[in-house]
Amino acid sequence: MTDGIAPDRLAKLQTLRSEGQDPFPPRVPRGQPIGDLLPDFDQRIGQTVTVAGRLGVVRDFGKLRFAHVTDRTGALQVGFQRDRLPEFWPGRKLVEGNDLVSITGELGTTQKGEPTIWATSVVLAAKALRPAPEKWHGLTDTEQRYRARYVDLFANPEVRQSFATRSQIVREVRAYFDSLGYLEVETPILQPLFGGAAARPFTTHHNTLDMQLFLRIAPELYLKRLIVGGMERVYEIGRVFRNEGISTRHNPEFTMLESYEAWADYRDVMARVEGLFAHLVDKVRGGDGKVTFRDKDYDLSPPFQKAKYLDLFVEKNPGVDWFDHASVLTRARELHLKTDGIEAAKLANDVFEATVEDTLQGPIFVYDYPVAISPLAKRLPEDPRVTERFELFVAGMELGNAFSELNDPIDQEQRFAEQVTHKDDETPGEVDVDYVTALEYGMPPAGGLGIGIDRLCMLLTGSTSIRDVVLFPLLRRLPANDPNAPPAAEEPPAPTEPS
RNA sequence: GGGGGCGUAGCUCAGUCGGUAGAGCAGCGGCCUUUUAAGCCGGUGGUCGCAGGUUCGAGCCCUGCCGCCCUCACCA
């Protein structure tokens, strides 16, 4: 438990205690945000204020020491002078870099004009038993950054900034839908059947009900029940779980936005998406939609390009008929795709993904997807093989998926039944009868949308990896003898009742 | 799961041909009241990811394993 603690810091802690000082006092003077002091600092010179935060590297001049103190709003230099701190001075070395402190002092500047709080009182707020990473490089080891995100966050200000931006993005997504009269709702994460997407679920079990449950792969089918119920405009921002590979753009749990709007179709939803991006570009990027992602430039300002799925398919696969399996099979073999045991429609879509998807720099709406790969979308009146569905691509990355929602319960039941007969581990083993029943009560025509919030954050923060926009990405557990590993399996603490 | 790369002090990194384990920062002692990657002097600090093997001798070569990153596959 104490592996990795610097012995000298532990010794200082004990010295503090033996001198009757509490290294972890319950409260200290909180003072005010450093960021509030800086803009009109010149006018504040001479004021006595209190600030609290984490102490940086101490620069020691014998009878004078400097260090910066950082809080969530900024950093300010602290000047420790022997003559102003007669009581603190003899034990000054017991307070060191990375400790958490509360400083009271007079605002002033140094000879070089650096804003400085000349301390008249120093209170240790919490002793740090481990040193900070190196001041100049910070913490760069990616594994340590993800495993010890708490260090990453205080050592690397740009990381804090990215997550602040993520918070702002989520806030503005809410603001956008709220402004349109949508209700934010919460639907089950533990679901007896999984659906609304094609993905392998995590499974779990409820003891008292003795029931198998799935962690949701999408909230879709519950949200549309709400449309049946007359809520008309709903959205949910929540975690979904897919038991699949991990990569720079996949985390097993990720955050999805889904919205549904009655009396809208997929064209209306397209406009909503453009409206959302315009809003985000305005509020998060200050009107600048130009972002750099993986060394390429994109402009996220709407309007976006549009192209039909089948047009793109033909363009990259001349002479190949998406709906003709023999034709697709030939092409798939040409592309060295895996063809054994792959269903016809999936194979055709694999060809699309192999030949088209990477070329979609975007932002671009790809629309009118074949029905066979769109089990929840409404067919085009003029071509029942195709659905009113679009996906949004940026940088070859699928960012959103939307369609005119299928509200014909008979068609829906048939498509579910079709899925069950071709069941694989990505489709449920039985028809969601209750969902079909809901549709039988009548669902207004509606447009639905799903957007991967994490990927949206990647784009807007220029993060190459999804792990840079997820605070605690899933990592393999380390062996128990490693100091960074969680404590070896012990008796779990007794469950406590929520109060 | 396949392919490639990486793992050395708390942190950032060197380590040549296989020949005594190194630097900077942090921490420790000393000097210094205006530095800001402070400076100077002196010391401290190592399960070289783990386990085997080859060798007189392994951080280095070989095998297996663990972890992370990139990439492909799958997906949003």
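Below, each value reflects all heavy atoms present in this structure, side chains not excepted, and no hydrogens, waters or symmetry copies. Residue numbers begin at 1 in each chain, while the letters A, B, ... track the order of the sequences. Keep in mind that this is a model prediction, so the values were computed, not measured.
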(message) So is the aromatic ring of A:Phe61 stacked onto the base of B:A38, judging by whether the centres are under 5.5 Å apart and the planes are under 30° apart?
(response)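 Stack criterion met.
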Round to a whole Å and report the spacing from [atom1] of [X] to [atom2] of [N].
X: A:Glu114; N: B:A37; atom1: CD; atom2: P; result: 10 Å
X: A:Glu353; N: B:A73; atom1: CD; atom2: P; result: 10 Å
X: A:Ile45; N: B:U34; atom1: CD1; atom2: C1'; result: 14 Å
X: A:Leu139; N: B:G10; atom1: CG; atom2: P; result: 14 Å
X: A:Arg249; N: B:C69; atom1: CZ; atom2: P; result: 15 Å
X: A:Leu64; N: B:G39; atom1: CG; atom2: P; result: 16 Å
X: A:Ile246; N: B:C68; atom1: CD1; atom2: P; result: 8 Å
X: A:Asn251; N: B:C69; atom1: CG; atom2: P; result: 11 Å

(message) From C-beta outward on A:Arg294, which listed nucleotide comes closest to its side chain: B:U33, B:C74, B:U71?
(response)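 Looking only at side-chain atoms, A:Arg294 lies closest to B:U71.
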(request) Consider the side chain of A:Ser247, meaning its heavy atoms from C-beta on, and name the nucleotide among B:A37, B:A73, B:U34 that approaches it most closely. (result)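 The listed nucleotide nearest to A:Ser247's side chain is B:A73.
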Using atom [atom1] in both nucleotides, what's the gap between [N] and [M] to the nearest angstrom?
N: B:C48; M: B:C32; atom1: P; value: 41 Å
N: B:G10; M: B:G45; atom1: P; value: 12 Å
N: B:C28; M: B:C69; atom1: P; value: 34 Å
N: B:C13; M: B:C74; atom1: C1'; value: 37 Å
N: B:U20; M: B:A58; atom1: C1'; value: 14 Å
N: B:A21; M: B:G57; atom1: C1'; value: 15 Å
N: B:G46; M: B:A37; atom1: C1'; value: 25 Å
N: B:G52; M: B:C60; atom1: P; value: 14 Å

Hunt down the Watson-Crick or G-U wobble partner of [N], both distances under 3.5 Å, from any strand shown, or write none.
N: B:G19; value: B:C56
N: B:C68; value: B:G5
N: B:U35; value: none
N: B:C25; value: B:G10

Using a cut-off of 4.0 Å on non-hydrogen atoms, how would the nucleic acid contact of [X] be classed: base, sugar-phosphate, or nothing?
X: A:Leu475; answer: sugar-phosphate
X: A:Gly138; answer: sugar-phosphate
X: A:Asn243; answer: nothing
X: A:Glu253; answer: nothing
X: A:Arg467; answer: sugar-phosphate
X: A:Gly62; answer: base
X: A:Gln81; answer: base

(request) Check if the side chain of A:Gln77 and the base of B:U35 share a donor-acceptor pair of N or O atoms closer than 3.5 Å. (result)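 When only heavy-atom distances are counted, A:Gln77 does reach the base of B:U35 through a donor-acceptor pair under 3.5 Å.
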(request) Starting from the 5' end of RNA chain B, give me the residue, A:His137 or A:Glu244, whose nearest nucleotide shows up first. (result)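 Here A:His137 is the residue nearer the 5' end.
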(request) Quick one, give me the B/S/- string for nucleotides 26-31 of chain B, reading 5' to 3', where B means a protein heavy atom under 4.0 Å from the base and S means that only happens at the primed atoms, P, OP1 or OP2. (result) SSSSS-
Using the test ring pair (Phe, Tyr, Trp, His ring centres under 6.0 Å), find all partners of [X] that sit at least two apart in sequence or belong to another chain.
X: A:Phe177; result: A:Tyr182, A:Tyr235
X: A:Phe293; result: none
X: A:Tyr260; result: none
X: A:Phe304; result: A:Phe277, A:Phe365

[X] and [Y] ion-paired at < 4.0 Å:
X: A:Glu19; Y: A:Arg17; answer: no
X: A:Arg84; Y: A:Glu106; answer: yes
X: A:Glu398; Y: A:Arg249; answer: no
X: A:Asp350; Y: A:Lys346; answer: yes

(request) Please examine the side chains of A:Arg9 and A:Asp99, heavy atoms only from C-beta on, and report whether any two atoms are closer than 4.5 Å. (result)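 Yes, side chains in contact.
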Look at the side-chain N and O atoms of [X] and state whether any lies under 4.0 Å from the OP1 or OP2 oxygen of [N].
X: A:Thr248; N: B:U71; value: yes
X: A:Thr110; N: B:U35; value: no
X: A:Arg147; N: B:C68; value: yes
X: A:Thr464; N: B:C69; value: no
X: A:Arg59; N: B:A38; value: yes

(request) Write out all pairs satisfying ring-ring contact (aromatic ring centres under 6.0 Å, His included) with one or both partners inside residues 56-77 of chain A, taking only residues at least two apart or from two chains. (result)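 As it turns out, the ring-ring contact (aromatic ring centres under 6.0 Å, His included) pairs with a partner in residues 56-77 of chain A, which skip direct neighbours, are A:Phe66-A:Trp118.
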